[in-house]
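Hydrogens, waters and symmetry mates are skipped; everything else that's a heavy atom, side chains included, is used.
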Amino acid sequence: MINVKLPDGSIKELEDNSTVADLAGSISEGLKRNSVAAEVNGQIADIGTILKDNDEVRILTSKDPASLEVLRHSTAHIMAQAVQRLYPNAKVAIGPSIENGFYYDFDIADHQLKPEDLPKIEDEMKKIIKEDQIFAKVDVKDVNAQIEEFKNKGEIYKAELMTEHAEHNPTLYMNKSKDGNIVWNDFCRGPHLPSSKFVKSFKLLTVAGAYWRGNEQNKMLQRIYATAFWTKEELDAHLLRLEEAEKRDHRKLANQLDLFSIREEVGSGLILWHANLSVVRESIEEYWRTEHRKRGYDIVYSPHIAKSQLWDISGHNEHFRENMFYMTVDEQDYVLKPMNCPFHILMYQAKRHSYRNLPIRMAELGTVYRYERSGALHGMTRVRGFTQDDAHIFCTPDQFVSEINRIIDFVDDTLSMFGMKYSVELSTRPDNYVGTLDVWDKAEAGLKEALDSKNISYEINEADGAFYGPKIDFKLTDAIGRTWQGATIQLDFNLPIRFDLKYTDKDGSLQTPVMIHRVIFGTMERFIGILIEHYAGAFPTWLAPEQVTLVPISERHVEYAEEVHSMLRDAGIRVNLDDRSESMNYKIREAQVRKVPYMLVMGDKEVEDKKVAIRSKEKGNLGTVTAEEFLAQILEEVRSKGKTKIGE
RNA sequence: GCCGACAUAGCUCAGUCGGUAGAGCAACAGUUUCGUAAACUGUAGGUCUGGGGUUCGAUUCCCCAUGUCGGCUCCA
């Protein structure tokens with residue numbers, strides 16, 4: 001007999017070799033029927049898992065969120081089986097569950113999967129589900145024989161994976177039909193559902209290309225992305241969420257709200273900022289400048305091109321030649337700047353520095369150009385010409401930890417002000433690093449110390465830092481859940497040496513300063529692109545291109561509206577007088593569609609009382625006040641950046 | 001860059017099994033002067049992304065290019 005511990009702390013006695021299913025059955029028939037997987041000693045496992053003495057077991061039903069990935073992974077197996085039934089030459093690669101769904105990669109020599117194939121595959125999957133196939137886990141006893149079998153069947157990807165996992169007790173999952181025959185199998189660690197019949201609500205979404213093992217040198221496979229949920233309601237809700245998210249896409253809103261455009265005759269990845277979005281940018285840049293001055297930064301400007309030799313010194317020609325724009329004028333080679341650092345470094349070098357005047361914090365809204373590969377371009381979030389809110393901090397080795405702390409605060413203050421959430425990643429020393437081990441260790445410890453002291457949770461990307469230094473990245477998420485690099489803080493042990501930077505220390509000796517690269521927004525393009533999605537195009541008043549629309553009800557109210565118009569405009573409010581001979585309802589609707597925060601309606605009553613009727617985009621009619629009162633309120637809303645709002 | 005899909009009026013989209021296109025909104029003109037999300041009538045607007053090919057004839061079929069979209073890869 002064995003004893004197992006349940007989540008409530010109780011101990012259950014079972015026969016030797018009992019499985020999770022037996023345990024479930026010993027508790028209740030209903031639980032046995034509904035159990036789909038288990039958590040055994042913290043690991044997700046099949047209900048067929050044989051329990052040992054003292055195991056801690058939590059039985060998972062479909063109610064448990066942890067069961068969802070089991071469902072999805074099993075659905076992936078069913079999809080792979082369906083694909084192989086329909087396309088017998090299909091070879092399977094890998095098919096994991098991912099956030100919000102799963103995928104499976106195939107190599108199909110004689111067929112290119114098309115969107116129209118997806119319903120056919122779905123139908124085949126439904127058949128497999130109906131067949132009530134059992135997922136049976138089997139240990140691979142003779143690994144070499146199994147590899148040979150995979151090879152004989154042409155399953156070269158499975159053979160390759162099995163070869164690598166030969167030492168890790170590989171297991172197969174056999175799909176058995178009702179009569180006990182093995183109808184399909186896959187090399188897999190599991191876990192899986194007890195049977196295919198547990199799968200009810202799934203949808204195949206898209207076909208895509210993906211390199212085998214994510215390596216560009218390898219063959220490109222065909223990937224099907226799909227998702228699965230326990231109920232149709234959850235699936236429908238998920239699909240609806242996707243649809244809703246698409247409406248927030250900054251590329252869609254760009255047209256609707258006249259924000260920006262990208263023109264073929266200008267070039268890919270080059271943004272035309274229309275007047276509306278330029279207002280948003282201008283407001284953000286003004287905020288940026290004010291904050292930088294407050295926090296001890298110097299703001300500078302540098303040219304957009306420099307002679308190629310500068311980029312030899314910096315090393316960019318060597319590392320990023322493929323991604324830079326070159327031009328030749330009067331037999332002299334120039335480069336369109338891909339970074340601002342060399343300019344800031346040269347400004348640092350313009351005079352001698354003492355430890356007394358460090359740190360020097362040099363900031364610039366620097367527009368740079370990089371030749372990104374065409375397939376990587378994406379709206380405003382991945383472009384070829386963009387403005388970084390760049391800064392470089394030159395400091396002593398004793399100062400960089402406190403400088404990093406200051407920057408983390410700066411990033412958090414800024415993103416919080418916009419209500420944007422972020423996740424943090426710390427990347428450590430790669431193999432091809434420059435500099436010395438003790439400096440790297442100190443730097444990494446310093447970055448960790450800074451994050452820990454602020455209770456910021458972060459993931460560590462081992463060996464993923466730049467060759468010149470470790471870094472902290474802040475990731476932002478767009479409307480459809482894609483994550484983008486936003487703020488970043490990077491230590492650099494390389495450029496100070498390449499440019500031979502120095503400062504005079506206390507003892508009169510010349511020392512090399514530590515250099516920190518950092519951006520807060522990342523780039524104006526990407527940040528504002530994500531901001532559009534964050535607000536779904538409805539910018540808060542301090543950023544709104546048009547803050548107020550004046551709606552005179554008929555022509556006889558226009559004269560009064562003009563008075564209000566000039567008063568608000570003179571006070572710096574972005575106000576638009578809609579004096580077209582359209583109905584009031586029409587003007588209000590248009591202003592709502594343009595997402596204007598406030599409308600002031602003026603008819604006979606308002607003209608007579610010298611007042612305005614405020615309509616908020618969000619809250620509707622807010623009642624009547626004098627134009628002066630409204631002005632005071634909106635100025636306060638703008639000044640506080642939305643902390644106070646009219647009508648709240 | 002790679003795999004795949006797509007490209008029709010300013011915008012959103014329909015259409016042509018090969019016989020050179022249509023709607024709504026927007027624009028413009030006129031009528032209407034209105035109380036919190038669309039007044040009415042009319043006018044104009046398209047070498048159907050570009051270049052080749054097949055064909056009596058191509059927006060439609062084929063090829064190439066460009067761009068966009070979904071992914072992969074990359075991202076100093």
Taking the [atom1] atom of each, how far is [N] from [M], in whole Å?
{"N": "B:rU59", "M": "B:rA7", "atom1": "C1'", "answer": "12 Å"}
{"N": "B:rA38", "M": "B:rU8", "atom1": "P", "answer": "31 Å"}
{"N": "B:rG52", "M": "B:rU47", "atom1": "C1'", "answer": "16 Å"}
{"N": "B:rG35", "M": "B:rU16", "atom1": "C1'", "answer": "48 Å"}

Ion pair [X]/[Y], N-O distance below 4.0 Å:
{"X": "A:Lys619", "Y": "A:Glu648", "answer": "yes"}
{"X": "A:Glu265", "Y": "A:Arg263", "answer": "yes"}
{"X": "A:Arg580", "Y": "A:Glu590", "answer": "yes"}
{"X": "A:Arg213", "Y": "A:Glu164", "answer": "yes"}

Given [options], the nucleotide with the shortest approach to the side chain of [X]:
{"X": "A:Arg370", "options": "B:rC75, B:rC3, B:rA37", "value": "B:rC75"}
{"X": "A:Asn323", "options": "B:rU36, B:rA76, B:rG70", "value": "B:rA76"}
{"X": "A:Ala613", "options": "B:rG35, B:rG71, B:rC34", "value": "B:rG35"}
{"X": "A:Met220", "options": "B:rA76, B:rC3, B:rU33", "value": "B:rC3"}
{"X": "A:Asn621", "options": "B:rU36, B:rA37, B:rA76", "value": "B:rU36"}
{"X": "A:Ala208", "options": "B:rG4, B:rG71, B:rU66", "value": "B:rG71"}
{"X": "A:Asn255", "options": "B:rG70, B:rC75, B:rC11", "value": "B:rC11"}
{"X": "A:Tyr211", "options": "B:rA76, B:rG1, B:rU36", "value": "B:rG1"}
{"X": "A:Arg373", "options": "B:rG67, B:rC72, B:rG1", "value": "B:rG1"}

Partner nucleotide, any strand, of [N] [Watson-Crick/G-U, under 3.5 Å]:
{"N": "B:rA21", "answer": "none"}
{"N": "B:rU16", "answer": "none"}
{"N": "B:rG4", "answer": "B:rC69"}
{"N": "B:rC48", "answer": "none"}
{"N": "B:rA9", "answer": "none"}
{"N": "B:rC40", "answer": "B:rG30"}

Give [X] one of three labels, base, sugar-phosphate or nothing, depending on what nucleic acid heavy atoms sit under 4.0 Å from its own.
{"X": "A:Lys587", "result": "nothing"}
{"X": "A:Arg556", "result": "sugar-phosphate"}
{"X": "A:Arg615", "result": "base"}

[N] OP1/OP2 closer than 4.0 Å to side-chain N/O of [X]:
{"X": "A:His378", "N": "B:rU68", "result": "no"}
{"X": "A:Arg482", "N": "B:rG70", "result": "yes"}
{"X": "A:Ser583", "N": "B:rA39", "result": "yes"}
{"X": "A:Tyr225", "N": "B:rC72", "result": "yes"}
{"X": "A:Ser268", "N": "B:rG67", "result": "yes"}

Side-chain H-bond candidate by donor/acceptor type, A:Gln547 with A:Glu637, under 3.5 Å: no
A:His392-A:Asp492 side chain donor-acceptor pair, cut-off 3.5 Å: no
Residue whose closest nucleotide on RNA chain B lies nearer the 5' end, A:Arg251 versus A:Ser581: A:Ser581
Residue met sooner reading RNA chain B from 5', once A:Gly379 and A:Gln592 are mapped to nucleotides: A:Gln592
Which whole-number value in Å describes the distance from [X] [atom1] to [N] [atom2]?
{"X": "A:Gln256", "N": "B:rC13", "atom1": "CD", "atom2": "P", "answer": "10 Å"}
{"X": "A:Ile480", "N": "B:rC69", "atom1": "CD1", "atom2": "P", "answer": "10 Å"}
{"X": "A:Tyr586", "N": "B:rA27", "atom1": "OH", "atom2": "P", "answer": "5 Å"}
{"X": "A:Ile553", "N": "B:rU33", "atom1": "CD1", "atom2": "C1'", "answer": "10 Å"}
{"X": "A:Asp107", "N": "B:rG4", "atom1": "CG", "atom2": "P", "answer": "13 Å"}
{"X": "A:Asp464", "N": "B:rA76", "atom1": "CG", "atom2": "C1'", "answer": "13 Å"}
{"X": "A:Glu590", "N": "B:rA27", "atom1": "CD", "atom2": "C1'", "answer": "12 Å"}

Within the 6.0 Å centroid threshold, strictly below: A:His319 and A:Phe467: yes
Trace of the salt bridge (charged side-chain N to carboxylate O under 4.0 Å, His left out) decision for A:Asp258 with A:Arg594: CA-CA 9 Å; A:Asp258 191 15; A:Arg594 288 201 304 277; over 6 Å; no
